[in-house]
Amino acid sequence: MRRPLMAANWKMYKTPAQAAGFFEKFLPLVEHSAHADIVVCPAFLGVAAAVSAVSGSRVEVGGQNVHWLAEGAFTGEVSAPMMAAAGCRWVLIGHSERRQHFGETDDAVRRKTLAALEAGLRPIVCVGETLGDREGGRTEAILEKMFSGGLAPLTADPFARVTIAYEPVWAIGTGRTATPEIAAQAHRFLRNMARVAHGEASSSALRILYGGSVNPKNIRDLMAQPEIDGALVGGASLDPISFASIVNF
Ligand code: PGA
């Protein structure tokens, strides 16, 4: 049985004070939620406030992006060892907004994933097709390209510490969720690629999250699919009551 993982992606929202205010309300609501791993990914400047707020709780903190080198002359970037030292345990990699607006490639995803693993962070690697890809019948080809470029080159041991988030771009922030069936089909496709690349044991242990307009109303149907191991939640994770009810689906 794969343990559910519920992750919040706050994107470019919340100051440190707002992050602290979120946890004051959120932590009591998930105090008994031992059924799932819970991760919150604030903007970098909110990490310190989040790490201090979650101390002693079951909630862990992650970054939203990482550079692939440990240090260097890269203005504006943050490295994996820095994030680990700041108390992050997880990091999102290759989110579609990074790919779309910041030109992130599959090879960058691969390098970032390796850097994260080397620093002891657990990467959540995001993949997903655009509406044009889906309507053009290219969903599987896109997922295959992202998987082959970003994750297939890893060897078995690092791959075992990776989580994948399937996030169809057309469902992100649009209020248009993939049906549980559409999501489950993509998850099966991804798991099968993981099986071919890394073997049966790693692929059946691999957690694949769904992301894209997840909310307290649709989470139960999504989680009813045995292929869906959790959620990566944007908009609906900004409110503590809403994210807690997703965690406690
Ligand atoms: P959304 O975002 O839940 O607001 O659609 C999900 C994501 O981008 O990870």
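Count residues from 1 along the sequence. Counting convention: from 1, in listed order, for ligands and their atoms alike.
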Identify each donor-acceptor pair in which a side-chain atom of residues 220-243 lies under 3.5 Å from a protein atom, sequence neighbours left out, and give them as a table.
unit_1	atom_1	unit_2	atom_2	d
R220	NH2	F249	O	3.2
E227	OE1	R191	NE	3.1
D229	OD1	R2	NE	2.8
D229	OD1	R2	NH2	3.4
D229	OD2	R2	NE	3.0
D229	OD2	R191	NH2	2.9
D229	OD2	I208	N	2.8
S237	OG	V233	O	3.1
S237	OG	G234	O	2.7
D239	OD2	I241	N	3.2
D239	OD2	S242	N	2.8
S242	OG	A236	O	2.5

Ignoring hydrogens and angles, write down the donor-acceptor pairs under 3.5 Å from the side chains of residues 135-163, residues two or more places apart or on other chains.
unit_1	atom_1	unit_2	atom_2	d
R138	NH2	G132	O	3.1
K145	NZ	D106	OD2	2.7
S148	OG	E144	O	2.6

Atom pairs and distances, side-chain donor-acceptor, residues 71-93, under 3.5 Å, sequence neighbours left out:
unit_1	atom_1	unit_2	atom_2	d
S79	OG	A70	O	2.9
S79	OG	M82	N	3.4
W90	NE1	E60	OE1	2.9

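Under 4.0 Å from any atom of ligand 1, one finds heavy atoms of residues N9, K11, H95, E167, A171, I172, G173, G212, S213, L232, V233, G234, G235.
Checked by atom type, the side-chain pair E129/Y166 shows a donor-acceptor distance below 3.5 Å.
Within the 4.5 Å cutoff, no side-chain heavy atoms of I164 are placed close to those of L209.
Shown here is Y13, whose OH atom has no more than 12 heavy atoms of other residues, nucleotides or ligands within 6.0 Å.
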